[in-house]
Participant: 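Please find one structure pasted underneath; my questions will follow.
For this chain, numbers begin at 1 and follow the sequence in order.
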Amino acid sequence: MIQAGVTLAQARLALPLDALENRILLCHALHLPRVALITQSERVLSTDEATLLNGLVARRLAGEPIAYIVGEREFFGLPFKVTPAVLIPRPDTELLVELALERLAPQARLLDMGTGSGAIAVAAAHTRPDLTVTALDVSDDALAIARMNAAANGARVHFVRSDWFAGLGDARFDLIASNPPYIVAGDVHLSEGDLRFEPVDALTDHADGLSDLRQIVDGAGTHLDAGGWLLLEHGYDQAGAVRALLTARGYGDVQSWCDLAGIERVSGGRRGA
């Protein structure tokens, strides 16, 4: 327990988390920039500050993700507000954004399906203001967070409440990207680590892990222009199955791409003429 009257330097040494998490929680609790932990190292914590800091540390020791405690996570170099209503953006998903941006011509139309915090759509729109970006989600709470993130990052995104393709009408796009629920129902990881705190419906399809991916592959052709790409993030062992789904639906140039850990994380293909 951190006591009132200790200095910032003493608090950093006394906190029980790793150095990075200690720094993040100190900065958050005291509303300080990182450099202040050095320049104000002799600053003394008040009773209220010590109480707040101890509460944050207790939440982290109980397993709550740092991103939910501080309410923010960086993705693609941008700050994103996150709450338990949305998944925490992962660095691996930046691969999906990079692949999409490489394939989008000037003034192209991008659809992000199951946008959650808006990470994919906002990152793309912020990087390429020329794009027309649409993002959908079935969760009103998620869409509220995504809209906040678009506004905070100056990104122009059109948000739609839709259960996959149901609310899109006859809209068409040059590229569709999605990071859908793909964890198999009952997977032990759902009860471990950060996943315990994240929205379960955004993690698992409550089936074999492929049902949402199947639905997206089956329906995307109606909304993709000829030559348009469909890019899907998936589980570490699902690349072969997703490639098979794409091939069965007549997609060409079907392939998978590896994340930073060398795991096939994104698969995709191009719609034929």
Participant: If you measure from CZ on Arg128 to CZ on Arg156, what distance do you get to the nearest 0.5 Å?
Facilitator: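 So the gap between those two atoms works out to 12.0 Å.
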Participant: In sequence, state the C-alpha distance, the side-chain angles, and the governing distance for Asp137 and Arg161, and then conclude on salt bridge (charged side-chain N to carboxylate O under 4.0 Å, His left out).
Facilitator: CA-CA 5 Å; Asp137 206 289; Arg161 186 185 186 282; over 6 Å; no
Participant: First locate atom CZ of Arg23, then atom NE2 of His28, and finally report the distance between them rounded to the nearest 0.5 Å.
Facilitator: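 One gets 13.5 Å once the value is rounded to the nearest 0.5 Å.
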Participant: Restricting to pairs with a member in residues 221-236, which pass salt bridge (Lys or Arg N to Asp or Glu O under 4.0 Å), not counting sequence neighbours?
Facilitator: Arg109-Asp225, Arg172-Asp225
Participant: Counting C-beta onward and ignoring hydrogens, is there a side-chain heavy-atom pair between Asp212 and Trp164 closer than 4.5 Å?
Facilitator: yes
Participant: Under 3.5 Å, side-chain donor or acceptor atoms of residues 83-90 against the rest of the protein: list the pairs with distances, not counting sequence neighbours.
Facilitator:
{"from": "Thr83", "atom 1": "OG1", "to": "Ala85", "atom 2": "N", "distance (Å)": "3.1"}
{"from": "Arg90", "atom 1": "NH1", "to": "Ile88", "atom 2": "O", "distance (Å)": "2.8"}
{"from": "Arg90", "atom 1": "NH1", "to": "Glu198", "atom 2": "OE1", "distance (Å)": "2.7"}
{"from": "Arg90", "atom 1": "NH1", "to": "Glu198", "atom 2": "OE2", "distance (Å)": "3.1"}
{"from": "Arg90", "atom 1": "NH2", "to": "Glu198", "atom 2": "OE2", "distance (Å)": "2.6"}

Participant: Decide whether Leu61 and Leu56 are clustered together by the hydrophobic rule: side chain heavy atoms of Ile, Leu, Val, Met, Phe, Trp, Tyr closer than 4.5 Å, transitively.
Facilitator: yes
Participant: For Asp187, check salt bridge (charged side-chain N to carboxylate O under 4.0 Å, His left out) against everything at least two apart and list the hits.
Facilitator: none
Participant: For Leu260, is the CG atom crowded, meaning more than 12 foreign heavy atoms sit under 6.0 Å from it?
Facilitator: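 Counting neighbours around CG of Leu260, 12 or fewer heavy atoms of other residues, nucleotides or ligands fall under 6.0 Å, so no.
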Participant: Let's go through Val6 and Val44 carefully: what are the C-alpha distance in whole Å and the side-chain angles of both, what is the deciding distance for side-chain contact (heavy atoms from CB on, under 4.5 Å) to 0.1 Å, and is it a yes or a no?
Facilitator: CA-CA 5 Å; Val6 303; Val44 173; over 6 Å; no
Participant: Per the side chain to side chain donor-acceptor pair (under 3.5 Å) rule, what does the pair list look like for residues 33-43, sequence neighbours excluded?
Facilitator: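 Every pair satisfying side chain to side chain donor-acceptor pair (under 3.5 Å) with a residue in residues 33-43: Arg43-Glu49.
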Participant: Could you name each residue pair satisfying side chain to side chain donor-acceptor pair (under 3.5 Å) that touches residues 200-210, not counting sequence neighbours?
Facilitator: Asp201-His206, Asp205-Ser211, Asp208-Arg214
Participant: CZ/Arg271 to CG/Asp174 distance, rounded to the nearest 0.5 angstrom?
Facilitator: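 Result: 11.5 Å between the selected atoms.
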Participant: To the nearest 0.5 Å, what is the distance between CG (Leu17) and CZ (Arg12)?
Facilitator: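 Reported value, rounded in 0.5 Å steps: 13.0 Å.
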Participant: Transitive ILVMFWY cluster of Leu96 at side-chain heavy atoms under 4.5 Å: who else is in it?
Facilitator: Phe75, Phe76, Leu78, Phe80, Leu95, Val97, Leu99, Leu101, Leu104, Leu110, Ile120, Val122, Leu131, Val133, Leu143, Val157, Phe159, Leu175, Trp229, Leu231, Trp257, Val266
Participant: For Leu32 and Leu26, what are the C-alpha separation, side-chain angles and deciding distance, and is it a side-chain contact (heavy atoms from CB on, under 4.5 Å)?
Facilitator: CA-CA 8 Å; Leu32 293 175; Leu26 266 171; over 6 Å; no
Participant: Would Thr115 and Asp112 count as a side chain to side chain donor-acceptor pair (under 3.5 Å) here? Give the steps.
Facilitator: CA-CA 6 Å; Thr115 194; Asp112 171 25; 2.7 Å; yes
Participant: Are the side chains of Glu264 and Arg243 in contact, using a 4.5 Å heavy-atom criterion?
Facilitator: yes
Participant: Between CD of Glu74 and CD of Glu94, what distance do you get to the nearest 0.5 Å?
Facilitator: 8.0 Å
